[in-house]
There are 2 protein chains.
Amino acid sequence: MSLETRAQGWRTLAALQQRIETKIEKALQDHHDLSVNEFCLLHHLSVPGGPSTRMQHLAEMLVLSQSATTRLVTRLENRGLVKRVLSAEDRRGIYAEATESGRELHDRAVPTHNEALEAALREAEGLPELTPLVSALETLALKVQPLSGLEAQP
Amino acid sequence: MSLETRAQGWRTLAALQQRIETKIEKALQDHHDLSVNEFCLLHHLSVPGGPSTRMQHLAEMLVLSQSATTRLVTRLENRGLVKRVLSAEDRRGIYAEATESGRELHDRAVPTHNEALEAALREAEGLPELTPLVSALETLALKVQPLSGLEAQP
DNA sequence: CTCCAAAAGTTGCACACGCATGTAGTTGCA
DNA sequence: TGCAACTACATGCGTGTGCAACTTTTGGAG
């Protein structure tokens, strides 16, 4: 397979991705006043066992810069959804954790996210050219099931 | 398969997507002073048979708002890479087409884009949790080969 | 012990984007 | 012909993001 072919597939996937993310963004914004990044941050802090995560770790998971993460946490902190906890051992480190109302908002937002995704996928399947792509995503979701979190490479 | 499982897979894919796009963005920025959107715009105007595309059509393809498309074209126009052509039939319509130097820059940028994508995919394959995902993308690129362009649904 | 490089977060700045609005041109209908 | 609704772009404004510079803290070398 040529590089060009793969690149063409990649750009098509990126466009589809963008379209679906836009739909999810609007749904989350309309119903809960949350951006996708804000939702993902709450998701990481609400779901996993360790409810307390370092700023830099959040930046890696969300694929954001440090500064964007700082302000993302600040925004949610100002809304009382997240709180900063200073680390005792390493006083440079700051942990973010979800508050009770943060977890509540997350629980309400999860169905919105999932239903918007379902709707977007169904819609995308309607376009004949995208059908194989969408069905590949379905397979993909199966395979990724046991994934715990994303780590960045150095 | 549960909605949650699919959503988890989707968020993982989105994160990987974002990571790779960031790498491509940096490569294009460093070597050719182009953002990914700018590259994609040039790509659509340089490659296909019809080198002349309406603003709104570009917005659909790039998954951007009208205003973002206006300014995207303006930026490239100021650099002499693209030119606006007023439509004769419908004088509201404006066509964008690549200039000679725009096509040249595109031709130089294509290898950068493709190599950055290859490198990012190889890197992602190194992370054990992402391997199935990446290989799914490989399959995907094959299936999408005959795709000509992306159209939005009304 | 002192000094210094590296790490974790924050902040100033520039910029690309979306939304709402404005403007020019088109279409339809009375 | 004249007016209203609509379309295609452009523009003002607010905001989220990345980069670079800065502060505080840590850990190690001399």
Side-chain angles (χ1 to χ4, degrees), chain A residues 14-15 17-19 21-30 33-42 52-79 82-97 152 154, chain B residues 14-15 18-19 21-30 33-41 52-79 82-97 152 154:
Chain A
Q17 233 275 342
Q18 188 61 37
R19 234 177 281 272
E21 286 290 281
T22 301
K23 296 216 175 85
I24 296 176
E25 173 96 27
K26 275 184 185 161
L28 288 173
Q29 201 66 257
D30 290 349
D33 194 27
L34 283 175
S35 70
V36 170
N37 279 336
E38 289 165 349
F39 170 78
C40 288
L41 176 54
L42 274 184
S52 181
T53 311
R54 262 189 141 82
M55 297 292 289
Q56 200 172 12
H57 192 195
L58 288 174
E60 289 165 3
M61 289 190 304
L62 300 171
V63 198
L64 284 179
S65 66
Q66 281 194 3
S67 62
T69 308
T70 290
R71 289 186 256 250
L72 182 59
V73 170
T74 302
R75 284 197 298 275
L76 294 180
E77 193 181 27
N78 290 339
R79 289 170 62 181
V82 151
K83 59 175 180 252
R84 281 178 161 91
V85 178
L86 300 177
S87 168
E89 318 91 46
D90 184 345
R91 280 155 63 195
R92 293 170 302 181
I94 296 185
Y95 291 91
E97 53 185 69
Chain B
Q18 188 61 37
R19 234 178 282 272
E21 286 290 281
T22 301
K23 296 216 173 87
I24 296 176
E25 173 96 27
K26 276 184 184 163
L28 288 173
Q29 201 66 256
D30 290 349
D33 194 29
L34 282 176
S35 70
V36 170
N37 278 336
E38 289 165 349
F39 169 79
C40 288
L41 176 55
S52 181
T53 312
R54 261 190 141 82
M55 298 292 289
Q56 201 171 14
H57 192 195
L58 288 174
E60 288 165 4
M61 289 190 304
L62 300 171
V63 198
L64 283 178
S65 65
Q66 281 195 5
S67 62
T69 307
T70 291
R71 289 185 256 252
L72 182 59
V73 170
T74 302
R75 285 196 300 275
L76 295 180
E77 191 181 29
N78 291 339
R79 290 171 61 183
V82 150
K83 61 174 179 252
R84 281 177 160 91
V85 178
L86 301 177
S87 168
E89 318 90 46
D90 184 345
R91 280 155 63 196
R92 294 169 302 179
I94 295 183
Y95 291 93
E97 53 185 68

When you compare the side chain of [Y] with that of [X], does any pair of heavy atoms fall below 4.5 Å?
X	Y	answer
B:D33	B:R79	yes
A:L86	A:R91	no
B:D90	B:R54	yes
A:L72	A:R75	yes

Once you round it to whole Å, what is the distance between [atom2] of [N] and [atom1] of [X]?
X	N	atom1	atom2	value
B:E21	C:dA16	CD	P	17 Å
A:R75	C:dT11	CZ	P	14 Å
B:M55	C:dG25	CE	P	17 Å
B:I94	C:dT23	CD1	C1'	12 Å

(request) Just do the side-chain contact (heavy atoms from CB on, under 4.5 Å) check on A:E38 and A:L42 with the steps written out, would you? (result) CA-CA 6 Å; A:E38 289 165 349; A:L42 274 184; over 6 Å; no
As an exercise, state the distance from [atom1] of [X] to [atom2] of [Y], rounded to the nearest 0.5 Å.
X	Y	atom1	atom2	answer
B:R19	A:E60	CZ	CD	8.0 Å
A:L64	A:T70	CG	OG1	10.5 Å
B:L34	B:E25	CG	CD	9.5 Å

(request) Check each of B:L41, B:T53, B:N78, B:I94 against B:V73 using the side chain to side chain contact (heavy atoms under 4.5 Å, CB included) test, and report the only one that passes. (result)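 Answer after filtering B:L41, B:T53, B:N78, B:I94: B:L41.
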(message) Using the rule given for side-chain contact (heavy atoms from CB on, under 4.5 Å), can you reason through A:T74 versus A:R84, listing the C-alpha separation, both sets of side-chain angles and the distance that settles it, and then say yes or no?
(response) CA-CA 9 Å; A:T74 302; A:R84 281 178 161 91; 3.2 Å; yes
(request) Apply salt bridge (charged side-chain N to carboxylate O under 4.0 Å, His left out) to B:R71 and list each qualifying residue two or more places apart in sequence or on a separate chain. (result)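 Counting only residues at least two positions away or on another chain, B:R71 forms no salt bridge (charged side-chain N to carboxylate O under 4.0 Å, His left out).
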Which atoms of nucleotides 1-4 of chain C (N or O only) lie under 3.5 Å from a protein N or O atom, and what are those distances?
none

(request) Residues of residues 84-93 of chain A with any non-hydrogen atom less than 4.0 angstrom from an atom of DNA chain D: list those, numerically ordered, please. (result)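 Listed by number, they are A:E89, A:D90, A:R91, A:R92.
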(message) Need the pair for C:dA30. Rule: Watson-Crick or G-U wobble, both distances under 3.5 Å, any strand; none if unpaired.
(response)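 WC or wobble partner is D:dT1.
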Please write out each protein N/O paired with an N/O of nucleotides 18-21 of chain C under 3.5 Å, distance rounded to 0.1 Å.
from   : atom 1 : to    : atom 2 : distance (Å)
C:dG18 : OP2    : B:S65 : N      : 2.9
C:dG18 : OP2    : B:S65 : OG     : 2.5
C:dG18 : N7     : B:S67 : OG     : 3.2
C:dG18 : O6     : B:R71 : NH2    : 2.7
C:dC19 : N4     : B:S67 : OG     : 2.9

(message) side-chain contact (heavy atoms from CB on, under 4.5 Å) for B:E21 and B:I24? Distances and angles first, verdict last.
(response) CA-CA 5 Å; B:E21 286 290 281; B:I24 296 176; 3.9 Å; yes
(request) Please find the earliest and latest nucleotides of DNA chain D, in the 5' to 3' direction, that have an atom within less than 4.0 Å of any heavy atom of chain A. (result)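 Contacts span D:dG16 to D:dT26, reading 5' to 3'.
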(request) Just jot down the side-chain contact (heavy atoms from CB on, under 4.5 Å) partners of B:E97, sequence neighbours excluded, or say none. (result)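 Listed in chain order: B:S52, B:K83, B:V85.
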